[in-house]
Amino acid sequence: DREHSHKEHKRDKERGNWKNYTTGGKKKAKNEPEEKWKWWEEEKCTDGSKWRFLEHKGPVFPPPYEPLPDRVRFYYDGKAMKLSPGAEEVATFYAKMLDHEYTTKDIFRKNFFKDWRKEMTSEEKSKITELKKCDFTEMHEYFKAQSEARKQMSKEEKQKIKEENERILQEYGYCVMDNHRERIGNFRIEPPGLFRGRGDHPKMGKLKRRIRPEDIIINCSKDSVHPKAPPGTRWKEVRHDNKVTWLVSWTENIQGSIKYIMLNPSSRIKGEKDWQKYETARRLKKIVERIRAQYREDWRSKEMRIRQRAVALYFIDKLALRAGNEKDEGETADTVGCCSLRVEHIRLHPQMDGQDYVVELDFPGKDSIRYYNKVSVEKRVFKNLQLFLENKQAKDDLFDRLNTSILNKHLQELMDGLTAKVFRTYNASITLQQQLKELTSSDDNIPEKILSYNRANRAVAVLCNHQRAPPKTFEKSMHNLQTKIDEKKKQLSAAKKELKAAKADAKTLRDEKSKRAVETKKKAVQRISEQLMKLEVQATDREENKQIALGTSKLNYLDPRISVAWCKKLGVPIEKIYNKTQREKFAWAIDMTDEDFEF
DNA sequence: CGTGGGAAGTCGGGAAATAGGAC
DNA sequence: CGTCCTATTTCCCGACTTCCCAC
């Protein structure tokens, strides 16, 4: 890379040219890195392959079921009853959840009981006919005691377990992809249990069955050492498909969907995809005003489908809504996004709180997180919405002439690679950049700068509706922090008093010793007031963060190069913004970004 | 052209585990 | 320096978007 001029190098960085990028962290080994990208640069566009060599050890299965000791009993209708191993295992899943609210839910109980009965012997089946006559409390107590015992283990025992986990991680947690050892994201097969689902899920409580080697499809390269199935078993299939990125897959029994084992976010294959995502969003930035002009124009179209498309796109752009695919009714929780909004989710107010044309949105979004917002829109949008609502029932679609596929097809015509979700990425990232510019000043100290960063991050989280339940210990931890602040304040005034006294001493004594004492006291006051300021900033930050989750936007929506550039420009260590895992994921950005990067 | 379904990959909050700081 | 508690990190596992293909 030495022949590369500085200028060229910088240009490569800005363009995000991966040719000269190596996974961050360790020093480059001689003659190693550039090779990594060569074939990729040459072949990726033409044939769509994702790798050319892939070797791994396959998945790690959860331990087999261990029957309960005889003293732990299950009671039916008040009488102790020994269950067959199969039925007992499923019963333990339920027993473990007794503390949870959802064991009180009708659907959960009904689904569980139905699936449980399938695992019973015919004898058990005829005896156990009602869930409410089942008493799992001994089992429940047993598991509580077990986890308590785990906590009480000696340091040596804990150390041993840790070492064993590390051994498994080293053996199964990595693969080799194209001459690089890469970390695997989820190399453990999910253990069996009861399906929960999020929100009001019609399948909650159903049995998620144990995955066997015979369910597993292995994907690796032909010329690799194939993973061995556990003794006495065989894989469902071993295939060699380099058009996909997964190493292992199986079909899950609740929704019948496919699950995968894929690489960690720090891997080349994920990092590159991530980078590409932000490059697409940056391309949108260049033409977004044109697109906006067009959809505003389309609000007046003669065609209903065009008007609906234009208003939906306006929502996606302005409110950062998700696309909103249609979902199978009865198979999933009732949640919606933009295209699947129904009449019941929207209310129109010609006047509200001194604003004109207010749209009130209230719907269950992804993961059944509530989206609630009141927003003033342009007259034309408002009139269109009134039109869309005419002669419709609560359950009818707001955009009856639109779905995500139509919308995305339209977007694809406006820009290569443009889809609904690109708007979310774009608006999130541009908001961060703007907010950082607005909120931070180079005169601020580090804690203040970090507060500003978090506030910018919060603006994005609010935009994307990343809410969380206030942490259970929120009030307490807030109170603790306040106590600390009060103590620090006392400390400060005491220190100030001492300083004053020392000054007085110095004035009368006028000797070296008392002068030095003044200096020491001065330093103490300074130190303490700095600590106090830090605590106060922390308190503000925490309070403002009560119901906001920053993680998701930071990890998935904010171009890391914005943060890296900001850190460099303002002299904030990157560690203050990204923890270790995040730095690994964003290694590409940390490596290639200059302080003058613009999204 | 729409539609329906499968496949692959990204996004998501909460719980569990671990690290780190106070005592 | 050990213990305990809190804060942060990691894991878990589900939910969604997009693409693609058959009809």
Side-chain angles (χ1 to χ4, degrees), chain A residues 48 50 62 100 147 150-151 155 158 161-162 165 169 185-191 193-199 201 203-204 208 217 219 241 243-246 249 251-252 254-265 269-270 273-274 276-277 316 322-328 331-333 335-340 364-369 401 403-409 411-412 417-425 428 461 464-469 471-474 476-478 480-481 483-484 487 538 542 547-557 578-582 584:
Chain A
K50 307 285 172 65
H100 274 108
S147 72
R150 238 180 333 241
K151 273 185 218 153
K155 234 174 39 188
K158 283 182 179 168
I161 291 173
K162 205 176 162 185
N165 283 139
L169 175 69
N186 55 322
F187 56 90
R188 288 172 194 279
I189 296 288
E190 294 173 16
L194 301 184
F195 178 81
R196 170 64 183 94
R198 293 193 256 271
H201 199 114
K203 297 198 171 179
M204 64 166 80
K208 209 171 78 165
I217 301 172
N219 192 33
D241 180 358
K243 300 285 194 290
V244 296
T245 67
W246 53 268
S249 79
T251 301
E252 154 269 347
I254 301 292
Q255 311 283 357
S257 64
I258 306 170
K259 297 262 194 168
Y260 305 94
I261 290 181
M262 293 181 191
L263 295 194
N264 186 274
I269 213 158
K270 293 286 186 186
K273 201 74 195 300
D274 205 32
Q276 194 181 299
K277 173 178 78 182
I316 283 169
R322 294 187 186 82
N325 287 291
E326 51 273 59
K327 305 170 65 186
D328 325 0
E331 300 286 301
T332 54
T335 63
V336 299
C338 186
C339 295
S340 50
K366 181 179 177 185
D367 293 341
S368 294
I369 302 280
R401 303 289 176 84
N403 61 38
T404 54
S405 133
I406 296 171
L407 179 63
N408 279 336
K409 249 175 221 150
L411 293 175
Q412 192 59 241
L418 187 61
T419 60
K421 86 186 186 77
V422 178
F423 281 87
R424 230 166 121 82
T425 309
C464 293
N465 198 232
H466 291 144
Q467 299 190 40
R468 64 166 181 185
K472 287 185 198 87
T473 54
F474 185 84
K476 201 171 107 195
S477 87
M478 214 57 214
N480 287 351
L481 196 53
T483 312
K484 269 196 211 166
E487 270 168 26
Q538 204 185 340
R542 194 175 297 175
Q547 302 191 65
I548 311 282
L550 297 186
T552 300
S553 50
K554 202 182 213 178
L555 232 45
N556 300 304
Y557 289 103
Y578 291 139
N579 67 30
K580 187 166 145 282
T581 318
Q582 292 165 164
E584 282 166 9

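Lettering follows sequence order; numbering is per chain, from 1.
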**Item:** Closest nucleotide among dA8(B), dC12(C), dT18(C) to the Arg188(A) side chain
**Value:** dC12(C)
**Prompt:** Closer than 4.0 Å, any side-chain N/O of Asn556(A) to the OP1 or OP2 of dT10(B)?
**Reply:** no
**Asked** With the threshold set at 4.0 Å, does a side-chain nitrogen-carboxylate oxygen contact exist between Lys208(A) and Glu190(A)?
**Response** yes
**Prompt:** Does the Asn408(A) side chain pair with the main chain of Thr419(A), one donor and one acceptor, at a distance under 3.5 Å?
**Reply:** no
**Request:** Examine dG14(C): is either OP1 or OP2 under 4.0 Å from a nitrogen or oxygen in the side chain of His201(A)? Give yes or no.
**Result:** no
**Request:** Please check the phosphate of dG14(C) (OP1 and OP2 only) for any side-chain N or O of Lys208(A) closer than 4.0 Å.
**Result:** yes
**Request:** With the side chain of Thr552(A) defined as its heavy atoms from C-beta on, choose the nearest nucleotide among dC13(C), dG12(B), dA7(B).
**Result:** dG12(B)
**Message:** Taking any heavy-atom pair under 4.0 Å as a contact, classify Ala420(A): base, sugar-phosphate, or nothing.
**Reply:** sugar-phosphate
**Message:** Tell me whether the side-chain N/O atoms of Lys277(A) come closer than 4.0 Å to OP1 or OP2 in dC11(B).
**Reply:** yes
**Asked** Does Thr335(A) place a side-chain N or O at less than 4.0 Å from the phosphate oxygens OP1/OP2 of dC16(C)?
**Response** yes
**Asked** Closer than 4.0 Å, any side-chain N/O of Lys409(A) to the OP1 or OP2 of dC1(B)?
**Response** no
**Prompt:** Is any side-chain N or O of Lys476(A) closer than 4.0 Å to OP1 or OP2 of dT6(C)?
**Reply:** yes
**Message:** Rounding to an integer number of Å, can you tell me how far Met478(A) CE sits from dT6(C) P?
**Reply:** 15 Å
**Prompt:** So what does Phe195(A) hit on the nucleic acid, given a heavy-atom distance under 4.0 Å: a base, only sugar-phosphate, or nothing?
**Reply:** sugar-phosphate
**Message:** Please determine whether a side-chain nitrogen of the Lys or Arg among Lys580(A) and Glu584(A) lies less than 4.0 Å from a carboxylate oxygen of the Asp or Glu.
**Reply:** yes
**Asked** Does the Thr332(A) side chain pair with the main chain of Asp328(A), one donor and one acceptor, at a distance under 3.5 Å?
**Response** yes
**Prompt:** How long is the line joining CG of Asn480(A) and P of dC4(C), in whole Å?
**Reply:** 18 Å
**Request:** Map Gly199(A) and Gln412(A) onto DNA chain C by nearest heavy atom, then report which one ends up closer to the 5' terminus.
**Result:** Gly199(A)
**Asked** Looking at Ile369(A), Leu550(A), Thr552(A), which one forms a side chain to side chain contact (heavy atoms under 4.5 Å, CB included) with His466(A)?
**Response** Thr552(A)
**Prompt:** Under 3.5 Å, side chain of Asn325(A) to main-chain N/O of Ser405(A), donor-acceptor pair present?
**Reply:** no
**Message:** I want to check one thing: is the phosphate of dG9(B), taken as OP1 and OP2, less than 4.0 Å away from some side-chain N or O of Lys50(A)?
**Reply:** yes
**Interatomic distance, Glu190(A) CD vs dC13(C) C1' [rounded to whole Å]** = 5 Å
**Message:** What contact category does Arg196(A) fall into here, base, sugar-phosphate, or nothing, at under 4.0 angstrom with non-hydrogen atoms?
**Reply:** nothing
**Prompt:** Should Tyr557(A) be listed as having a side-chain N or O under 4.0 Å from OP1 or OP2 of dG12(B)?
**Reply:** yes
**Message:** Please tell me if Thr404(A) has a side-chain N or O lying less than 4.0 Å from either OP1 or OP2 of dT17(C).
**Reply:** no
**Side chain of Lys421(A) - closest among dA15(C), dC13(C), dC11(B)** = dC11(B)
**Item:** Residue met sooner reading DNA chain B from 5', once Lys270(A) and Thr251(A) are mapped to nucleotides
**Value:** Thr251(A)
**Heavy-atom donor-acceptor pair, Lys203(A) side chain to Ile254(A) backbone, under 3.5 Å** = yes
**Prompt:** Which residue, Met262(A) or Asn465(A), contacts DNA chain B at a nucleotide closer to its 5' end, judged by nearest heavy atom?
**Reply:** Met262(A)
**Prompt:** What string of B, S and - do you get for nucleotides 15-23 of chain B, 5' to 3', when a contact is any protein heavy atom under 4.0 Å?
**Reply:** S---S----
**Request:** Calculate the interatomic distance between Asn264(A) atom CG and dT9(C) atom P; express it in whole Å.
**Result:** 16 Å
**Prompt:** Do Lys366(A) side-chain and dC11(B) base share a donor-acceptor contact under 3.5 Å?
**Reply:** yes
**Request:** Provide, to the nearest angstrom, the distance between the CG atom belonging to Asn325(A) and the C1' atom belonging to dA8(B).
**Result:** 14 Å
**Asked** So does Arg198(A) reach the base of dG14(C) with its side chain, donor to acceptor, closer than 3.5 Å?
**Response** yes
**Request:** Check every strand shown and say whether Ile369(A) touches a base, only sugar-phosphate, or nothing at a heavy-atom separation below 4.0 Å.
**Result:** sugar-phosphate
**Request:** Have a look at Pro265(A) and say if it touches a base, only the backbone sugar-phosphate, or nothing, with a 4.0 Å heavy-atom cut-off.
**Result:** nothing
**Message:** Counting the atoms with a prime plus P, OP1 and OP2 as sugar-phosphate, which does Gly337(A) contact under 4.0 Å by heavy atoms, base, sugar-phosphate, or nothing?
**Reply:** nothing
**Asked** Is Arg542(A) close to Ser477(A) at the side-chain level, that is, under 4.5 Å between some pair of heavy atoms?
**Response** yes
**Request:** Could you check whether Glu252(A) gets within reach of a base, just the sugar-phosphate, or nothing at all, counting any heavy atom under 4.0 Å?
**Result:** nothing
**Prompt:** Touch check for Thr332(A), heavy atoms < 4.0 angstrom, all strands: base, sugar-phosphate only, or nothing?
**Reply:** nothing
**Prompt:** For residues Ser257(A) and Glu252(A), is any side-chain donor paired with an opposing acceptor at under 3.5 Å?
**Reply:** yes
**Asked** Rounded to whole angstrom units, what separation is found between the OH atom of Tyr260(A) and the C1' atom of dC13(C)?
**Response** 15 Å
**Minimum-distance nucleotide to Arg322(A) side chain [options: dT17(C), dG14(B), dT10(B)]** = dT17(C)
**Prompt:** Do Glu326(A) side-chain atoms and Ser340(A) backbone N/O form a donor-acceptor pair below 3.5 Å?
**Reply:** no
**Asked** For Tyr578(A) and dT9(C), what is the distance between atoms OH and P respectively, to the nearest whole Å?
**Response** 14 Å
**Prompt:** To the nearest Å, how far apart are Asp367(A) CG and dC16(C) P?
**Reply:** 6 Å
